[in-house]
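Residue numbers begin at 1 in each chain, while the letters A, B, ... track the order of the sequences. Here the structure is a predicted model, which means the values were calculated and not measured.
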Protein chains: 2
Amino acid sequence: MRLTTKGRYAVTAMLDLAIHAGKGPVSLADISERQGISLSYLEQLFAKLRRNELVRSVRGPGGGYQLNREQQDIDVAQVIDAVNESVDATGCGHTGNCQDGNVCLTHHLWCDLSSQIHAFLSQISLADLMERNDVRSVAERQGRGHIASFEDSLISAKVTA
Amino acid sequence: MRLTTKGRYAVTAMLDLAIHAGKGPVSLADISERQGISLSYLEQLFAKLRRNELVRSVRGPGGGYQLNREQQDIDVAQVIDAVNESVDATGCGHTGNCQDGNVCLTHHLWCDLSSQIHAFLSQISLADLMERNDVRSVAERQGRGHIASFEDSLISAKVTA
DNA sequence: GTATAGTTGACTGTTTTAGTCGGTTTAATA
DNA sequence: TATTAAACCGACTAAAACAGTCAACTATAC
Ligand code: FES
Ligand code: FES
């Protein structure tokens with residue numbers, strides 16, 4: 001089992017998509033700028049998200065990505081699974097054979113842990129996340145941040161000119 | 001956050017130590033044979049477990065390792081932390097600065113998940129594990145397995161001879 | 001037709017995993 | 001006292017995953 005920036009990026013990007021839904025498709029360039037994630041890396045992640053039918057794409061100018069289901073029908077576990085291939089803590093993939101064909105001493109412990117993690121993550125939908133105060137305030141800051149960095153670029157343009 | 005064979009090996013080895021306590025120190029060679037873990041790898045893991053004062057060692061012939069505390073005072077989270085350096089799911093180490101100094105969109109989600117996992121793993125002690133039926137039956141099999149594999153080696157010795 | 005944005009595949013440096021190998025102490029025992 | 005069983009220690013390795021880059025291609029709105 002592993003949970004690294006790959007899974008975190010995917011959930012963050014999906015949440016960004018949910019927040020900016022309703023105004024047409026969201027481009028990866030926008031997400032990249034707002035969330036500070038490499039555009040090329042996002043492309044890789046969204047290829048997997050699309051294969052798992054969590055998002056749909058619109059090509060061409062003004063295009064981008066949209067959620068392929070309602071916000072309350074996409075949970076965090078699905079997103080992580082899509083890019084990470086499962087949040088399984090066992091060494092055997094639940095087959096119970098990591099001790100040369102037999103169940104190892106701690107197999108059931110890891111099964112229980114996996115269930116706990118999956119239960120927790122699959123109970124939280126994108127809609128749930130959007131209602132949280134901390135998410136709202138960060139989204140608010142990122143909105144301001146976008147304008148601020150635009151002004152910054154004008155200032156730095158003057159300085160360098 | 002990552003949970004791989006390293007952490008699983010550590011917990012399995014500690015549980016083996018608990019099961020075979022009372023009959024003097026347990027050598028890594030014994031654990032290696034019973035649990036199918038590389039001896040040299042076990043040495044690395046036990047160096048960390050000893051540094052974290054979860055086990056104590058006895059050198060020389062007849063030596064080995066012993067638990068450094070009571071079985072009910074060692075929990076799974078401590079063992080994993082000792083070899084793995086924390087089961088933290090955040091990207092910022094709880095400092096809240098992975099978005100160039102600010103909290104990222106999903107920071108609180110990962111904090112919550114980390115709490116969940118830590119609460120679950122720190123509530124389970126080695127003593128708890130030993131009472132479980134599945135652990136008892138696997139330990140029983142491994143006792144028999146040792147004799148069986150000894151017979152197997154005699155048979156294969158005849159075959160190859 | 002041009003600019004935008006998704007799509008694809010190959011490539012890269014770095015870190016971690018899961019070990020291996022060779023040697024050194026330490027201590028029990030024959 | 002010599003042998004030997006064990007912990008200890010450091011360096012090394014192949015393979016995988018991570019995080020990201022780059023270049024080329026396709027679809028489409030204007
Ligand atoms: S983790 Fe399932 S058998 Fe070992
Ligand atoms: S995970 Fe803590 S700030 Fe992003």
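- Protein atom CG of A:L49 is 13 Å distant from nucleotide atom P of C:dG6, rounded to whole Å.
- Taking atom CG of B:L3 as the reference point, atom C1' of D:dA17 lies 16 Å away to the nearest angstrom.
- To the nearest angstrom, C1' of D:dA5 lies 12 Å from CG of B:L39.
- Atom-to-atom, CG of A:L42 to C1' of D:dT21 comes out at 13 Å; the value is rounded to the nearest Å.
- Mapping B:N84 and B:E43 onto DNA chain C via the closest heavy atom, the residue that lands nearer the 5' end is B:N84.
- Proximity of A:T4 to the phosphate of D:dA19: a side-chain N or O atom is located under 4.0 Å from OP1 or OP2.
- Heavy-atom minimum distance, A:L49 versus A:M14: CD1-SD, 3.9 Å.
- Taking side-chain N and O atoms only, A:Y9 has a distance below 4.0 Å to OP1 or OP2 of D:dG20.
- The side chain of B:R50 contributes an N or O atom lying less than 4.0 Å from OP1 or OP2 of D:dC8.
- Rounded to whole Å, atom P of D:dG10 lies 14 Å from atom NZ of B:K48.
- Below 30°, between 30° and 60°, or above 60°: for B:Y65 and B:F46 the angle between ring planes is between 30° and 60°, a tilted geometry.
- For C:dT7, the OP1/OP2 oxygens have a side-chain nitrogen or oxygen of A:S57 closer than 4.0 Å.
- A close approach under 4.0 Å does not occur between any side-chain nitrogen or oxygen of B:K6 and OP1 or OP2 of C:dA18.
- Between the P atom of C:dT4 and the CG atom of A:D30 lies a distance of 13 Å, rounded to the nearest Å.
- In this structure, a donor-acceptor pair under 3.5 Å is absent between the side chains of B:S122 and B:D75.
- Heavy-atom nearest nucleotides on DNA chain C were determined for A:S27 and for B:P61, and the one closer to the 5' end corresponds to A:S27.
- Rounded to whole Å, atom C1' of D:dA7 lies 19 Å from atom OH of B:Y41.
- The base of C:dT20 is paired with the side chain of B:Q44 by a donor and an acceptor separated by under 3.5 Å.
- Remark: the A:R59 side chain and the D:dT26 base include a donor-acceptor N/O pair separated by less than 3.5 Å.
- Taking atom CG on B:L45 and atom P on C:dT16, their separation rounds to 16 Å, with Å as the unit.
- Nearer to the 5' terminus of DNA chain D, by closest-nucleotide assignment, is the contact made by B:Y65 (compared with the other of A:T5 and B:Y65).
- Judged purely by atom type and a 3.5 angstrom limit, B:D16 has no side-chain atom pairing as donor or acceptor with the backbone of B:A13.
- Applying the 6.0 Å contact sphere to CD of A:Q72 captures more than 12 heavy atoms from other residues, nucleotides or ligands.
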